[in-house]
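Here's the structure we're looking at; comments come further down.
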Protein chains: 2
Amino acid sequence: MKRNKPKYMQIIDAAVTVIAENGYHAAQVSRIAKAAGVADGTIYLYFKNKEDILVSLFEEKMGSFVGELENKISKISTASEKLHKLVEMHFHHLASDHHLAIVTQLELRQSNIELRVRINGVLKGYLAVVDHIVKTGMESGEFNPGLDVRLARQMIFGTIDETVTSWIMNDQKYDLLQLVNPVHQLLINGCGYSQSTLK
Amino acid sequence: MKRNKPKYMQIIDAAVTVIAENGYHAAQVSRIAKAAGVADGTIYLYFKNKEDILVSLFEEKMGSFVGELENKISKISTASEKLHKLVEMHFHHLASDHHLAIVTQLELRQSNIELRVRINGVLKGYLAVVDHIVKTGMESGEFNPGLDVRLARQMIFGTIDETVTSWIMNDQKYDLLQLVNPVHQLLINGCGYSQSTLK
DNA sequence: AAGATATGAATGAATGGTCATTCATTTTAT
DNA sequence: ATAAAATGAATGACCATTCATTCATATCTT
C-alpha cells in the first residue's frame with residue numbers, strides 16, 4: 001500500500017537529511033515536511049505519528065541491506081570469508097551514505113525504549129546472519145567449537161558497531177573501509193598472538 | 001562545594017531510581033524532586049538544568065569506578081589477567097546495581113549529542129585503562145604486536161558494552177558474571193580455533 | 001540571656017515556549 | 001461530479017524553569 005507511493009519515500013529521505021543535519025531534537029515534523037516539499041498534514045497520511053517515521057526509515061534503509069547481505073554471503077563457502085564480507089558490506093553501507101550513518105549510529109539511539117525495541121526487531125534479521133556465520137564456522141572447524149553463539153554474535157556486532165560509531169564521532173576523518181581487514185583479523189584471532197596473522 | 005552536600009547525592013540517587021523505573025521521558029524534574037523529598041526549585045540550587053543532573057549522575061557513579069579500576073589493575077602483572085579483571089569489574093559494577101545499569105545502558109543514551117560528548121569525556125578515563133592494557137600486552141609479547149590500539153580498544157569496549165546492553169534488554173535473565181571467562185576468552189582469542197582454550 | 005536582625009536554603013505555583021497532531025477546506029484526478 | 005489526496009493554520013497538552021515568598025538557623029546587640 002505505502003511502498004510505491006512516491007511521497008512515502010520522499011518523506012523518509014527528507015527525514016534522513018533533516019535529522020542528520022539538525023539532530024534529532026531539532027527535527028520537528030514541520031521541518032521534515034518542508035524538506036520533503038509537502039504539507040505538515042501530509043505526513044500523517046503516510047505515517048501514524050512521528051515515531052513511525054523513524055521506525056519506517058530504519059525498516060526501509062536496513063531491511064533491503066539485510067537481504068543483500070544474505071544473498072552475497074550465501075555464495076561464499078568459508079565462515080571466515082563470510083565474516084569478512086559482512087564487515088566489508090556493513091562498513092561500505094554506512095561509509096557510502098554519511099547522512100544515514102549519522103542517523104543510525106547517533107540520532108536514532110536517542111529514541112525512547114519502546115521505539116528501540118521495534119528497531120531491535122528490524123535488527124533481528126541482521127543478527128540472524130551473524131549467528132549463521134558463527135554456527136557455520138563452528139561446524140566446519142574454522143571457529144572454536146566451544147563458542148557461545150550469543151556471545152560471539154555480541155562480540156562481532158559490538159565491535160563493528162563501536163568501530164562505526166567512533167568513526168562517525170571522529171567526523172569520518174579516516175577511511176572506514178581500510179579497517180575491514182584489521183577488524184576481521186581481530187574478530188577471528190582476538191588480541192592474542194596468533195600464528196596466522198595473514199588473512 | 002557540592003560534593004558533601006547531602007541533598008546533592010539525594011537528588012542524584014532519586015534521579016537514578018526515577019529514570020530507571022519510569023524511563024527518561026517520564027522522568028520529569030518534578031518527579032525526581034518528589035522522589036528526593038525535595039521541592040522542584042531545590043533541584044536548581046544544585047544543578048544547572050535537567051541535563052546537568054544526568055551528566056553529574058554519570059560523573060559521580062562512573063568517576064569513582066575508573067579510579068578503583070586503575071588501582072586494581074595496576075597490581076596485576078600480565079595483560080591477559082588485567083583484561084580479565086577489567087571485564088569482571090565492569091560486569092560486577094553493573095550487575096550489582098540494576099537501576100544504574102538501566103540508566104547507563106539504555107536511558108542515558110537518549111540524551112542529545114552535546115550531552116553525549118560530555119559523557120564521552122567521562123568515558124575517556126575508562127578507555128585509557130583499556131589502551132594501557134593493550135599496550136602492555138603488545139610490549140610483553142602476550143598480544144599480537146601488530147595490533148591497532150584504537151581498534152583493539154573498540155573491540156574490547158564494544159564487546160563488553162554490547163554484552164551488558166543485551167543482558168539488560170533481556171531483563172537480566174541470566175547471571176552476567178558467568179560471562180566473564182567466555183568474554184575474556186573471546187577478546188584474547190577471537191572466534192577462531194586456538195590451542196589455548198583454557199584460561 | 002533574650003531579643004533583634006540577617007542569611008540563604010527551600011518552596012511550589014505560575015509561566016511561557018515548543019511542537020505534534022487535527023481537521024475544515026482546497027486542489028487534483030478519474 | 002465524485003472521490004481521493006493534500007493543505008497548513010489552529011489547537012492544546014506538556015514540562016522545564018523561574019522567582020516571590022517562607023522559614024529555620026546563625027550572628028549580632030544590649
Side-chain angles (χ1 to χ4, degrees), chain A residues 1-58 103 107-108 110-116 118-119, chain B residues 1-58 103 107-108 110-116 118-119:
Chain A
M1 169 214 170
K2 54 186 184 179
R3 294 307 142 107
N4 37 15
K5 295 273 177 150
K7 296 248 153 127
Y8 175 78
M9 272 305 181
Q10 217 169 302
I11 291 166
I12 282 190
D13 288 338
V16 173
T17 304
V18 170
I19 293 173
E21 289 183 351
N22 303 282
Y24 178 80
H25 286 294
Q28 297 96 322
V29 172
S30 60
R31 240 193 227 233
I32 294 172
K34 188 184 255 184
V38 138
D40 295 11
T42 306
I43 302 262
Y44 292 89
L45 298 175
Y46 294 91
F47 301 92
K48 215 176 102 247
N49 52 33
K50 190 186 176 183
E51 287 193 348
D52 192 37
I53 304 176
L54 291 175
V55 177
S56 302
L57 179 166
F58 194 68
V103 172
E107 305 295 344
L108 216 61
Q110 292 174 54
S111 53
N112 65 45
I113 290 177
E114 194 195 335
L115 195 56
R116 285 228 288 288
R118 288 181 64 190
I119 288 171
Chain B
M1 171 214 169
K2 55 184 184 179
R3 295 306 143 110
N4 36 16
K5 295 271 177 152
K7 297 254 150 119
Y8 176 78
M9 273 305 180
Q10 218 168 303
I11 292 166
I12 282 190
D13 288 338
V16 173
T17 305
V18 171
I19 294 173
E21 289 183 350
N22 304 282
Y24 179 79
H25 286 296
Q28 297 96 323
V29 172
S30 61
R31 239 194 229 235
I32 294 171
K34 188 184 255 186
V38 139
D40 296 10
T42 305
I43 301 263
Y44 293 89
L45 297 175
Y46 293 91
F47 301 91
K48 216 175 102 246
N49 51 34
K50 191 185 177 185
E51 287 193 348
D52 192 36
I53 304 177
L54 290 174
V55 178
S56 302
L57 179 165
F58 192 68
V103 172
E107 305 294 344
L108 215 63
Q110 293 175 52
S111 52
N112 64 46
I113 289 177
E114 193 195 336
L115 196 57
R116 285 230 286 288
R118 287 180 63 187
I119 288 171

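Chain naming here is simple, since letters A, B, ... match the order of the sequence lines and numbering starts at 1 in each. The structure displayed is predicted, hence computed values, not measured ones.
Taking NZ of A:K7 as the start and CD1 of A:I11 as the end, the distance is 8.0 Å to the nearest 0.5 Å. Atom-to-atom distance recorded for B:Y46:OH and B:S56:OG is 13.5 Å, nearest 0.5 angstrom. To the nearest 0.5 Å, the span separating CG on B:L57 from CD1 on B:I19 amounts to 6.0 Å. Here the CD atom belonging to A:Q28 is positioned 10.5 Å from the CG atom belonging to A:D40, to the nearest 0.5 angstrom.
For residues 29-39 of chain A, proximity to DNA chain D is found at A:V38, A:A39, defined as any non-hydrogen atom under 4.0 angstrom from a strand atom.
The distance from atom CD of A:Q28 to atom C1' of C:dT18 is 8 Å, rounded to the nearest whole Å. Rounded to whole Å, atom P of D:dT17 lies 14 Å from atom CG of B:L45. If you measure from atom NE2 of A:H25 to atom P of C:dA20, you get 12 Å, rounded to the nearest angstrom. Rounded to whole Å, atom P of C:dA20 lies 11 Å from atom CG of A:L54. For the pair B:E51 CD and D:dC15 C1', the interatomic distance rounds to 14 Å; values are reported in whole Å. Summarising the geometry, the separation between CG on B:N22 and P on D:dC15 is reported as 12 Å, rounded to the nearest angstrom. If you measure from atom OH of A:Y8 to atom P of D:dA6, you get 15 Å, rounded to the nearest angstrom. One can place NZ of B:K7 at 11 Å from P of C:dA9, the figure rounded to the nearest angstrom.
For B:I43 against B:V38, the heavy-atom pair with the smallest separation is N-CG1, 4.4 Å. Heavy atoms only, all atoms of each residue included: A:F58 and A:L108 are closest at CD1-CD2, 3.3 Å. Considering all non-hydrogen atoms of both residues, B:V55 and B:R118 come closest at CG1-NH2, 3.5 Å. The minimum heavy-atom distance between B:I32 and B:A27, with the atom names listed, is CD1-O, 4.0 Å.
Distance from the side chain of B:T42 is smallest to C:dA10 among D:dA5, C:dA10, C:dA20. Here the side chain of B:Y44 is nearest to one of D:dA5, C:dT21, D:dT17, namely D:dT17. The side chain of A:Y46 approaches D:dA5 more closely than any other nucleotide in the set D:dA5, C:dA10, D:dC15.
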Per-residue pairing states of DNA chain C in dot-bracket (Watson-Crick or G-U under 3.5 Å; . unpaired, | other strand) read ||||||||||||||||||||||||||||||
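Of the possible donor and acceptor atoms, one in the side chain of B:E107 sits under 3.5 Å from a partner among the backbone N and O of B:Y24.
Each of B:D40 and A:K48 was assigned the nucleotide of DNA chain C with the nearest heavy atom; the assignment lying further toward the 5' end belongs to B:D40.
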